[in-house]
**Student:** 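Shown below is the structure under consideration.
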Amino acid sequence: MLKVKGTLMLASAEDVAAIQGMRLRSSEKSKMTRDHNGFRKLLIVLTKSGKLFALHTGDGRIVWSLLLNSLRQSEACENPTGINVYQWQVPHHHAMNENPSVLVVGRCKPSSDAPGIFSFVDTYTGKELKSFSLDHSVAQVIPLPFTDSTEQRLHLLIDTSGQAHLYPRAPEAVAIFQLEFSNIYWYSVEADSGVIKGHGLKSNCDGEVANNYCFGTREVWSIVFPSESEKIITTITRNSNEVVFSFWSIFYDYHFFLSSKIYSLYDLLTAFAG
């Protein structure tokens, strides 16, 4: 009724104020993230204590929350902590039968060499589907741009000894991974020492012939910044889903932000090659 009165220019000063307030609230909601089809997304937030929240991106309300059983203190896991949450499965072709799920990665202790923990959570219901402990540490998690027939996304977990572990651990995942083996690279940042390193893969882990999901890694390149004049604050890369049309687009969109200067990756690699 207020909107009708406003359209017909019959609204009083109080009505106008109310209409403006409604429009303001509506505009704030519309600024939040929507997907390509116009549907609102859930913002999944993980705390270090192992509690997971699903927030509505329109008004910020808590849709559901969950204290993960896998990250609760126990005799086997004395001081569990959450690391991060990753997209695990988005069933585009099985949307009628399955819900999207996320992968929650944690550790049994705050130290980086502690054994890792996996937990899978249904993002629609907030139900923990399954969880298990890993037989290795987790120093870095790399989501790969590949999915299997069930639309589970492949991930590489790098442990503190530099070995790479493929998940999900299934023959199909290995077959997909092997096709792109020579094209998989990633980088790591040692902010305290001012070093950025590029990494690639080698063959299966030494002494782990029976484990088809473990791979050795190699250093491809490294860049060291002078600690007396520069410090790495953070690194930002382009969106993994962004389409790149040319060589120049890649390097233009990568930037490393330092305390007093901004370097493009092209500048860094040019300097390194020189």
**Student:** Taking only residues two or more places apart in sequence or in another chain, which ones pass salt bridge (Lys or Arg N to Asp or Glu O under 4.0 Å) with Arg61?
**Tutor:**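 Result, salt bridge (Lys or Arg N to Asp or Glu O under 4.0 Å) vs Arg61: Asp59.
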**Student:** Enter the distance from Ser49:OG to Leu67:CG here, rounded to the nearest 0.5 Å.
**Tutor:**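 Interatomic distance, Ser49 OG to Leu67 CG, rounded to 0.5 Å: 7.0 Å.
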**Student:** So, does Arg107 use its side chain to make a donor-acceptor pair with the main chain of Pro80 at under 3.5 Å?
**Tutor:**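 The answer is no, because no donor-acceptor pair under 3.5 Å joins these two groups.
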**Student:** So, do Asn79 and Cys108 sit near enough that their side-chain heavy atoms are less than 4.5 Å apart?
**Tutor:** no
**Student:** With Glu190, which residues qualify under salt bridge (Lys or Arg N to Asp or Glu O under 4.0 Å), at least two apart?
**Tutor:** Lys197
**Student:** With sequence neighbours excluded, give me every disulfide bond (SG atoms under 2.5 Å apart) pair touching residues 130-204.
**Tutor:**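 Non-adjacent pairs meeting disulfide bond (SG atoms under 2.5 Å apart): zero.
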**Student:** For Ser227, which residues count as a side-chain contact (heavy atoms from CB on, under 4.5 Å) partner, sequence neighbours excluded?
**Tutor:** none
**Student:** Give the cluster check for Ile62 versus Leu42: same hydrophobic cluster or not, with ILVMFWY residues linked at side-chain heavy-atom distances below 4.5 Å.
**Tutor:** no
**Student:** Got a sec, which hydrophobics cluster with Val195, joining ILVMFWY side chains under 4.5 Å apart, including via others?
**Tutor:** Val224
**Student:** In Å and rounded to the nearest 0.5 Å, what is the CD to OG1 distance from Gln89 to Thr123?
**Tutor:** 10.0 Å
**Student:** Once ring-ring contact (aromatic ring centres under 6.0 Å, His included) is applied, what residue pairs with a partner in residues 67-89 remain, sequence neighbours excluded?
**Tutor:** Trp88-Phe120, Trp88-His155
**Student:** Any luck finding a side-chain donor-acceptor pair between Thr217 and Gln163 under 3.5 Å?
**Tutor:** no
**Student:** Considering all heavy atoms of both residues, which atom of Ile44 and which atom of Ala54 are nearest to each other, and what is their separation?
**Tutor:**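 Heavy atoms only, the tightest pair is CD1-CB, 3.8 Å.
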**Student:** Which residues satisfy the side-chain contact (heavy atoms from CB on, under 4.5 Å) test with Ala139, sequence neighbours excluded?
**Tutor:**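 Ala139: side-chain contact (heavy atoms from CB on, under 4.5 Å) contacts with Thr160.
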**Student:** Rounded to the nearest 0.5 Å, how far does CH2 of Trp64 lie from NE2 of His56?
**Tutor:** 14.5 Å
**Student:** Run the numbers on Asn84 and Val141 for side chain to side chain contact (heavy atoms under 4.5 Å, CB included), then give the verdict.
**Tutor:** CA-CA 9 Å; Asn84 211 336; Val141 180; over 6 Å; no
**Student:** So, using salt bridge (Lys or Arg N to Asp or Glu O under 4.0 Å) as the criterion, who are the partners of Arg169 when residues are at least two apart?
**Tutor:** Asp135
**Student:** Side chains of Val121 and Leu52: closer than 4.5 Å at any heavy-atom pair?
**Tutor:** yes
**Student:** Other than Leu179, what residues sit in its cluster of Ile, Leu, Val, Met, Phe, Trp and Tyr side chains whose heavy atoms are under 4.5 Å apart, directly or through others?
**Tutor:** none
**Student:** For residues 124-131, dump all side-chain donor-acceptor pairs below 3.5 Å to protein atoms at least two apart in sequence or in another chain.
**Tutor:**
| residue | atom | partner | partner atom | Å |
| --- | --- | --- | --- | --- |
| Thr125 | OG1 | Lys127 | N | 3.3 |
| Glu128 | OE1 | Asn69 | N | 3.1 |
| Glu128 | OE2 | Ser70 | OG | 3.1 |
| Glu128 | OE2 | Ser119 | OG | 2.5 |

**Student:** Answer with yes or no whether the hydrophobic clustering places Leu68 together with Val85; edges join I, L, V, M, F, W, Y residues whose side-chain heavy atoms lie under 4.5 Å apart.
**Tutor:** yes
**Student:** Rounded to the nearest 0.5 Å, what separates atom CG in Leu157 from atom CD in Gln140?
**Tutor:** 9.5 Å
**Student:** Do you reckon Val102 sits in the same ILVMFWY cluster as Phe118, going by side-chain contacts under 4.5 Å, direct or chained?
**Tutor:** no
**Student:** Once rounded to the nearest 0.5 Å, what's the spacing between atom OG of Ser101 and atom CZ of Arg153?
**Tutor:**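 With rounding to 0.5 Å, OG (Ser101) is 12.5 Å from CZ (Arg153).
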**Student:** Which hydrophobic side chains are connected to Phe146, either touching it within the sub-4.5 Å cutoff or through other members that do?
**Tutor:**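 Cluster partners of Phe146: Ile142, Leu144, Leu154, Leu156, Ile158, Leu166, Val174, Ile176, Phe177, Phe181, Ile184, Trp186, Leu201, Tyr213, Phe215.
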**Student:** Quick one: list whatever passes side-chain contact (heavy atoms from CB on, under 4.5 Å) with Ser133, sequence neighbours left out.
**Tutor:** none
**Student:** Test your reading of the model: is there a side-chain donor-acceptor pair from Gln152 to the backbone of Thr147, 3.5 Å cut-off?
**Tutor:**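 Here the side-chain-to-backbone pair does not exist.
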**Student:** Check whether any side-chain heavy atom of Leu103 lies under 4.5 Å from a side-chain heavy atom of Val105, and answer yes or no.
**Tutor:** yes
**Student:** Would a 4.5 Å heavy-atom cut-off, applied to side chains only, mark Leu46 and Val104 as touching?
**Tutor:**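 Yes; the side chains approach each other to less than 4.5 Å.
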**Student:** So how far is it from Ile117 CD1 to Leu134 CG, rounded to the nearest 0.5 Å?
**Tutor:**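 It is 8.0 Å, given to the nearest 0.5 Å.
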**Student:** Given side chains that start at C-beta, do those of Phe53 and Thr47 come closer than 4.5 Å, heavy atoms only?
**Tutor:**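 SC-SC contact between Phe53 and Thr47 confirmed.
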**Student:** If you draw a 6.0 Å radius around CG in Asn183, do more than 12 non-hydrogen atoms from other residues or ligands fall strictly inside?
**Tutor:**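 Enclosed: over 12 neighbouring heavy atoms sit under 6.0 Å from CG of Asn183.
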**Student:** Is Pro91 close to Pro100 at the side-chain level, that is, under 4.5 Å between some pair of heavy atoms?
**Tutor:**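 The answer is yes, as the side chains (C-beta and beyond) meet within the 4.5 Å cut-off.
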